[in-house]
Each structure stands twice: as structure tokens, then as C-alpha cells.
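Here the structure is laid out as C-alpha cells; the discussion comes afterwards.
Counting starts at 1 for both ligands and their atoms, in listed order. What you see below is based on every heavy atom in this structure, not just the backbone, and it leaves out hydrogens, waters and symmetry mates.
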Amino acid sequence: MTKLDQIRAAESKLLLTTYERFPVLFTHGEGVHIIDENGVRYLDLLSGIGVNALGYSSPVIENAIAEQSRKLIHTSNLFYHEGQAELALRLTERSGLDRVFFANTGTEAWEGALKLARAHAGLLRSEGKTIGTKFLALEQSFHGRTFGSVSTTHKAKYREPFGPVVPGVEFVRFNDVADLRAKFSTDVCAILVEAIQGEGGIRPLSQEFFAEARALATSTGALLIVDEIQAGMGRTGKWFAYQHYGIQPDVITLAKPIAGGLPLGAVLCTEEAARAIHAGMHGTTFGGGPLACAVANAVIDHIEKTNLLAHATEVGDYFQSQLRSLAARHSAIVDVRGKGLMLAAELDSADLAKEVVNQMLKRHIIINCTSDTVLRFLPPYILERAISALDEILIELTGAVSASPSAAQSAGGLNHG
Ligand SMILES: Cc1ncc(COP(=O)(O)O)c(C=O)c1O
């Protein structure tokens, strides 16, 4: 029995069956590669679902962990440590927001944002304003797995087994301005969006819809809350995806890549929204601990020092153009979309998408499939190039013949970059 077989057997008896894992046992990583127990190197175009922004074994992260772990790992939020204010300054300066609450994960940050919206509406009511408690969320949204998060997540399969979920949530059709207007009223305390939906299939909000959400929220004092957990912290080539639209939210949530692989989440908000929170109303034991904050500060500094935002834009544009040239030759690719290094190729069949992911893994390239038919790419920001394998796999699986072998050749080069 191999080590992988032993672990699979043990996990199948001991763990809740929340995941169907791929049969690979990873032991270490280096740059854009993650390496299995046999020393086989996989090109990681998913980066731990959008987390490992600086890739694997980054000296920046290793040094920050080593240095901070020798000093202080945990304090609780009853005391000061050196990292939180420094990190809050970096985040507020880059986002244009005023205040931060640190959590541990995406879903915990999102819960904090929902609670902030309810508390803020309560404050406005106490000041004589007419504003209710309803949340408007979007179809195809994904905000996490805890109760508030799952209640504002659209896909029924995530919500229904756990019903009744938190009441007071209504879903608006994605990018449907008329539906948004029809469902918005003074009952609403917050409009909840992802600037680019992640799990929903890498779907960007339209400028018109985002602007209307901003205008409606402003008209009543409701909050516009943008979930930047997957799209934020540089992935799209700007610090935050909403910055592509020139629209300023009241609240944003962050997590995934913020501490380069350590768990850390954050809620950022305006001074106005922050008025609703006072000491004792909300908290966390681990959130914003010294170790995670030290790493996040180092990650942000490194992204800036090495111009990784520009790099993400440049490599992302190249990657997207290569996906488009594949789409021109493979009718199975029905759409290519995304920004920076948050990219998708939508296929015409769920079975094909699943098989492409499996075949890519056989070729030691990691991607995943979201929303059944959407191949999702969330590579580390340090990626240089990567695509020829996808071309070969689609030719094999769909029987299509490359119209231009030279185009296929020139689409290569990214294979193990
Ligand atoms: C947009 C978005 N929000 C929230 C979450 C939940 O984050 P976490 O898994 O860290 O709880 C995710 C995770 O995929 C996400 O993509």
C-alpha cells in the first residue's frame, strides 16, 4: 500500500466526507510548482484556490514567518501587538476605506460585514431614518459556508440541506438592473456583490449594474458591500477588483491571498459604517494575530516592490489572449473572460469540463472547474506563461483538429513556466 493509499483509507474512515479529493499527495512546493510524494512537479494554475499569490516556498513568506514566530505568534485581541495597525494602514491606504476588522477566513469576514450592515441599519433607525434589515444578494453569488454566508450564497445545493437559513435575503438576477431596481427599497440594509463573481464562474459585474447598486444604496443609507475575497489583493491587476469600475464601496471583505497562505480575513469599511460598532459587539480569538499580520505586511510590500500588479495584468492579458486563440479553434470553448490572473474558459459541456480538469492533472497541471462548465484559472501572481496542454487535451477529447498547428505551437511555452 502506498502512503497515498494509506492516507486515503484513513481519511475515508476518519473525516467528514466534505471533499472528493484528487488522488495526489503533495509534500512541498517551489515557485509556481507543487510537488508530490514522488517528486513529480505540478504547474499550479489554481494556487490553493486563489491563496498562494507568491507561489510556494517564497523566501518573503518564509522569512516573515520565521522572524515573527521567534517573537510572538498569538496574543488574543485583548492586547496590542505591532502588526495590526501597520496592516490596517496598508489596507486602508490602498482601498480608500477607513477602518478594518481582522478575522481568520473569508466566511468569517463576510459574517462580520453582514453583522456590520445590520448594526449600521439599526443605528440609522435609532437616528430616525427609515431603513430595514433585508439583504439583496446576487444570483450565482458565493460568500462562504457559515450561516450568514451560506444564506447570502445563491446556489441551492449549498443552502438547502441546512435550512432554514438566515431569513431576510433576496436574490437579484445577475447584472439585471431592472430586477435590482424592482427589489430595492427602504427595507434593504445592504446590497451584496462580488465585483467579479468567483465560484459563480468568473463573471464581472457590468458597469451599469454596479453603478446602479451604488446609487440605490446611497439613496437610502444602505451599504454597498463588495466581497473581494477571491478577486482582491492584486489578483486582477489592481489591489481590488472594484477599482476597475471607479466605484467606491462602503464595505469590502478580504481573505484568501492576503497572508500568502496563512489564514487571515478582513472587513474594511467607511468611517460612517464603523459608527455602528463599539467595543464588545463583535470579536474573534485568533483574527489578526501577530504571525498572520506580519506575513500579510511582507506580502503587500513584496507585491509593491516587485510590481506584481503590473505583472499580473501583463501575464493575465497574455494568458487571456492565448485562451481566446484557443477558443477560436475549439468550438467547445464558448466564452473566455476575466481580469488579470482571474480567468475562465467556459466549455459547452459539464462532462467535458470535468474531463479536461482530470486530463490536465494527468499532465501535472492544476486547474479547476466551477459552475459545472467553467474552467477556472487563479495562478500565483508570479506565473510567467502556460497553455499548450489545454490545446492538446481539447483536441484529444473533442476530436477537433487544430486549424493551425503553428498557432498551437505559439500558444505554447507556458507549459511548465
Ligand atoms: C468570493 C468569496 N467569498 C467568500 C469565500 C469564503 O472564503 P473561505 O473559504 O475562506 O471561508 C470564498 C471562497 O471561495 C469566495 O470566493
Side-chain angles (χ1 to χ4, degrees), residues 16 18-19 21 46-53 95 101-117 135 137-155 157-159 162 165-166 169 171 174 190-205 210 224-236 239-242 244 249 251-268 284 286-289 292 295-296 337-344 366-371 374 376-379:
L16 277 184
T18 51
Y19 288 99
R21 299 195 209 282
L46 191 61
S47 59
I49 323 186
V51 169
N52 300 314
S95 65
F101 170 78
F102 289 110
N104 297 281
T105 62
T107 200
E108 192 193 351
W110 192 248
E111 294 288 336
L114 298 178
K115 287 175 73 179
L116 175 61
F135 292 111
L138 294 197
E139 293 192 356
Q140 284 116 238
S141 60
F142 183 88
H143 299 296
R145 308 289 195 149
T146 50
F147 257 109
S149 299
V150 94
S151 308
T152 53
T153 287
H154 182 240
K155 216 174 252 174
K157 74 170 184 185
Y158 296 140
R159 271 183 297 125
F162 307 104
V165 294
V166 177
V169 180
F171 291 98
F174 185 71
I191 302 175
L192 316 173
V193 301
E194 295 155 81
I196 302 176
Q197 289 189 329
E199 303 296 313
I202 315 293
R203 293 175 206 281
L205 278 188
F210 207 168
L224 176 61
I225 305 184
V226 182
D227 182 341
E228 290 271 339
I229 288 164
Q230 192 165 137
M233 296 309 297
R235 171 153 301 284
T236 67
W239 278 112
F240 306 105
Y242 66 83
H244 293 285
V251 180
I252 66 170
T253 51
L254 305 173
K256 289 195 183 276
I258 185 172
L262 264 61
L264 182 66
V267 185
L268 276 62
T284 165
F286 289 109
V295 176
R337 54 183 180 259
K339 264 225 178 313
L341 291 171
M342 183 175 187
L343 294 170
I366 299 173
I367 61 170
N368 94 330
C369 172
T370 188
S371 274
V374 180
R376 176 170 54 167
F377 306 89
L378 300 171

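For atom 16 (O) of ligand 1, the nearest non-hydrogen atom of the protein is Gln230 NE2, 2.8 Å. With respect to atom 14 (O) of ligand 1, the closest heavy atom belonging to the protein is Lys256 NZ, 3.1 Å.
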**OP:** Kindly indicate, with the supporting measurements, whether the criterion ring-ring contact (aromatic ring centres under 6.0 Å, His included) is fulfilled by Tyr242 and Phe210.
**Re:** CA-CA 9 Å; Tyr242 66 83; Phe210 207 168; 7.6 Å; no
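Crowding of Phe171 atom CZ: a count of heavy atoms from other residues, nucleotides or ligands under 6.0 Å exceeding 12.
The closest side-chain heavy-atom distance from Arg337 to Val374 is below 4.5 Å.
Looking at Glu108 next to ligand 1, no N or O pair under 3.5 Å apart turns up. Inclusion of Ile229 in the set of residues having an N or O under 3.5 Å from an N or O of ligand 1 is not warranted.
Panel note: side chain Lys155, backbone Phe142; no donor-acceptor pair is recorded below 3.5 Å.
Within the listing of ligand 1, atoms 6 (C), 7 (O), 8 (P), 11 (O) sit less than 4.0 angstrom from a heavy atom of Thr107. Under a 4.0 Å criterion applied to the non-hydrogen atoms of Gly106, ligand 1 contributes the atoms 7 (O), 8 (P), 10 (O), 11 (O). Listed by number with element, the atoms of ligand 1 under 4.0 Å from a non-hydrogen atom of Glu199 are 14 (O). Per-residue contacts place Glu194 under 4.0 angstrom from the following atoms of ligand 1 (heavy atoms of the residue considered): 1 (C). Per-residue contacts place Phe142 under 4.0 angstrom from the following atoms of ligand 1 (heavy atoms of the residue considered): 1 (C), 2 (C), 3 (N), 5 (C), 12 (C), 13 (C), 14 (O), 15 (C).
Atoms CD and CD, on Gln230 and Gln197 in that order, are 10.5 Å from each other to the nearest 0.5 Å. With rounding to the nearest 0.5 Å, the separation of CG in Asp227 from OG1 in Thr253 is 3.5 Å.
With hydrogens and angles left out, the side-chain atoms of Thr107 and Thr146 include a donor and acceptor closer than 3.5 Å.
For Asp227, every heavy-atom contact with ligand 1 shorter than 4.0 Å involves the side chain, none the backbone. At a heavy-atom cutoff of 4.0 Å, ligand 1 is contacted by no atom of Trp110, backbone or side chain. If you look at Gln197 next to ligand 1, there are no close heavy atoms at all, none under 4.0 Å.
In this structure, atom 9 (O) of ligand 1 has its sub-4.0 angstrom surroundings free of protein heavy atoms.
Geometrically, Arg145 engages Tyr158 in a cation-pi contact defined by less than 6.0 Å to the ring centre and at most 45° from the axis.
Ring pair His143/Trp110 is parallel by interplanar angle, where below 30° counts as parallel and above 60° as perpendicular.
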